[in-house]
Enquirer: 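I am attaching a structure below and will ask some questions about it afterwards.
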Amino acid sequence: MPESKPQNCTITLDGQNYEFPVIVGTEGEKAIDISKLRDTTGYVTLDVGYKNTGATKSKITFLDGELGILRHRGYSIEDLAEKANFLEVAYLLLKGELPNKEEFESFDADIRHHTLVNEDLQNIFKTFPTGSHPMGQLIAMISSLSAYYPKALDPNRSQEAKNRTTLRLLAKMPTICAMIYKKSLGHPVVYPSNNLDYVSNFLTMTFKHVSDHEYQPDPVVVDAMNKLLILHADHEQNCSASTVRLVGSSQANLYATTAAGIAALWGPLHGGANQEVLEMLNAIKADGGNVQKWVDKAKDKNDSFRLMGFGHRVYKNFDPRAKIIKKACDDVLNKLGINDPVLEIAKKLEEAALTDPYFIERKLYPNVDFYSGIIYRSIGFPTEMFTALFALGRLPGWIAQWQEMIGEGQPIGRPRQIYTGQTPRSFVNRGDRS
Ligand code: ACO
């Protein structure tokens with residue numbers, strides 16, 4: 001292959017030309033490397049919401065928002081969702097390659113080895129009032145793991161320590177999510193069964209009653225859950241992954257860093273949208289099912305309502321995950337024999353929005369969260385648990401992003417600003433405060 005000449009970009013500022021290198025990624029993505037901009041010109045860039053800013057180079061996930069492409073380590077999301085299980089995808093994200101049989105067995109066994117959580121952790125639940133949101137609890141529980149594993153406080157301690165923390169997080173997250181659910185019901189927790197695979201174990205801890213010795217997760221549900229977790233496993237520099245990289249860049253430990261990622265995910269504009277979507281669909285149903293009324297509300301600039309599960313910062317054609325989920329949703333409901341009226345409303349809403357010029361002009365399409373809640377609901381999860389399930393799926397992605405950032409010794413993340421406040425002024429005594 002002929003070697004391509006490195007390109008430069010010329011920027012003219014105050015009548016002077018400055019050259020900056022152009023970086024081209026393996027998929028042809030182009031960036032102007034402005035890391036020396038301030039030193040050489042005195043200027044910084046301003047990009048509120050980071051709409052045009054590449055915060056890092058990364059080898060983990062590629063997505064093309066215009067073409068609706070999503071690949072992890074080169075493998076298409078369609079192939080992964082169809083042919084892999086969640087732990088294989090987790091391995092791929094973390095280690096860069098799909099595991100062979102021995103590698104998978106060893107990874108799986110290591111995770112099974114760490115599924116229990118310290119009994120004392122259960123005391124923390126006693127401090128949460130009834131009805132506490134699962135995401136608030138999840139943040140606290142994951143952060144509290146740092147108290148139980150103080151050797152993880154130094155994220156650079158050793159590769160072995162990093163691997164152990166990674167395994168502990170992957171192994172304990174399902175246990176903690178299931179505990180949160182059980183505690184919300186006032187039921188005793190069900191301990192992990194390490195003879196079960198990752199997803200079956202999670203479903204068993206969640207839905208088995210302690211006294212029910214016959215419980216077995218439905219293979220249809222295991223399959224759907226694997227798919228859902230895979231579809232959420234990573235999404236390059238999204239809000240929560242960027243949070244993980246930023247918090248981790250201060251050398252905070254991985255438990256605290258992951259808790260920060262969970263906090264970022266909770267917001268309704270990010271992962272919290274899956275709960276909001278179902279609440280919205282229920283509200284439309286309770287309101288008589290007049291879909292157009294809600295589409296009009298979303299278009300009304302005097303109304304803060306948005307169609308939840310619609311729109312995406314980077315996907316401007318379609319979200320490939322939403323396509324897969326929509327089909328999975330139909331399959332699961334059919335296989336489980338469930339006729340969910342909310343699905344009909346979702347389909348009508350999608351149709352109404354996709355033919356409306358407001359949504360067409362703004363390139364607003366259903367995102368990953370639009371249909372996921374309907375599957376979670378058919379499996380039996382309450383709406384408030386939905387975002388915790390997203391967090392369970394996203395965990396390997398966060399850790400992979402963190403590993404890459406730490407492994408490359410990236411500097412602390414610290415953006416600049418353009419100050420627009422008061423210029424210096426003399427102190428004014430505005431009243432006797434003594
Ligand atoms: N309903 C109605 N209008 C919308 C919606 C929506 N869901 N999303 C965007 N718009 C409109 C905006 O009002 C804006 O209109 P304007 O140009 O007339 O001002 C235009 O479309 C562009 O929207 P922005 O908010 O500027 O786009 P941005 O990229 O900043 O936001 C986001 C993307 C946050 C996902 C947005 O589309 C949204 O709020 N969607 C609903 C929440 C949601 O589903 N979030 C999950 C995203 S996927 C994930 O994180 C897993």
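Values below: every heavy atom of this structure, side chains too, minus hydrogens, waters and symmetry copies. Both ligands and their constituent atoms are indexed starting at 1 by order of listing.
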Enquirer: Does the Lys NZ or Arg CZ of Arg394 fall within the cation-pi geometry relative to Phe390 - under 6.0 Å from the ring centre and within 45° of the axis?
Expert: no

Enquirer: Can you tell me how the ring of Phe128 sits relative to the ring of Phe125, calling it parallel under 30°, perpendicular over 60° and tilted otherwise?
Expert: perpendicular

Enquirer: Return the residue, atom name and 0.1 Å-rounded distance of the protein heavy atom closest to atom 7 (N) of ligand 1.
Expert: Leu307 O, 2.7 Å

Enquirer: With heavy atoms of Lys301 as the reference, note each atom of ligand 1 found under 4.0 Å away.
Expert: 13 (O), 15 (O), 16 (P), 18 (O), 19 (O)

Enquirer: Just go through Lys297, Met308, His232, Lys299 and tell me whose heavy atom is the nearest to atom 42 (C) of ligand 1.
Expert: Met308

Enquirer: For atom 40 (N) of ligand 1, which of the options Phe359, Phe310, Tyr315 provides the nearest non-hydrogen atom?
Expert: Phe310

Enquirer: With ring-ring contact (aromatic ring centres under 6.0 Å, His included) as the test, pick out the partner of Phe310 among Phe370, Tyr365, Tyr371.
Expert: Phe370

Enquirer: Nearest to atom 3 (N) of ligand 1, what protein heavy atom do you find, and at what distance?
Expert: Tyr358 OH, 2.9 Å

Enquirer: Identify, for atom 10 (N) of ligand 1, the protein heavy atom at the shortest distance, and state residue, atom and that distance.
Expert: Leu364 CD1, 3.6 Å

Enquirer: Please find the pair of heavy atoms, one from Leu231 and one from Ala81, that lie closest to each other, and give the distance.
Expert: CD2-CB, 4.1 Å

Enquirer: What protein heavy atom sits nearest atom 39 (O) of ligand 1, and how far away is it?
Expert: Arg306 NH1, 2.7 Å

Enquirer: For ligand 1, find out whether one of its N or O atoms is nearer than 3.5 Å to an N or O atom of Phe390.
Expert: no

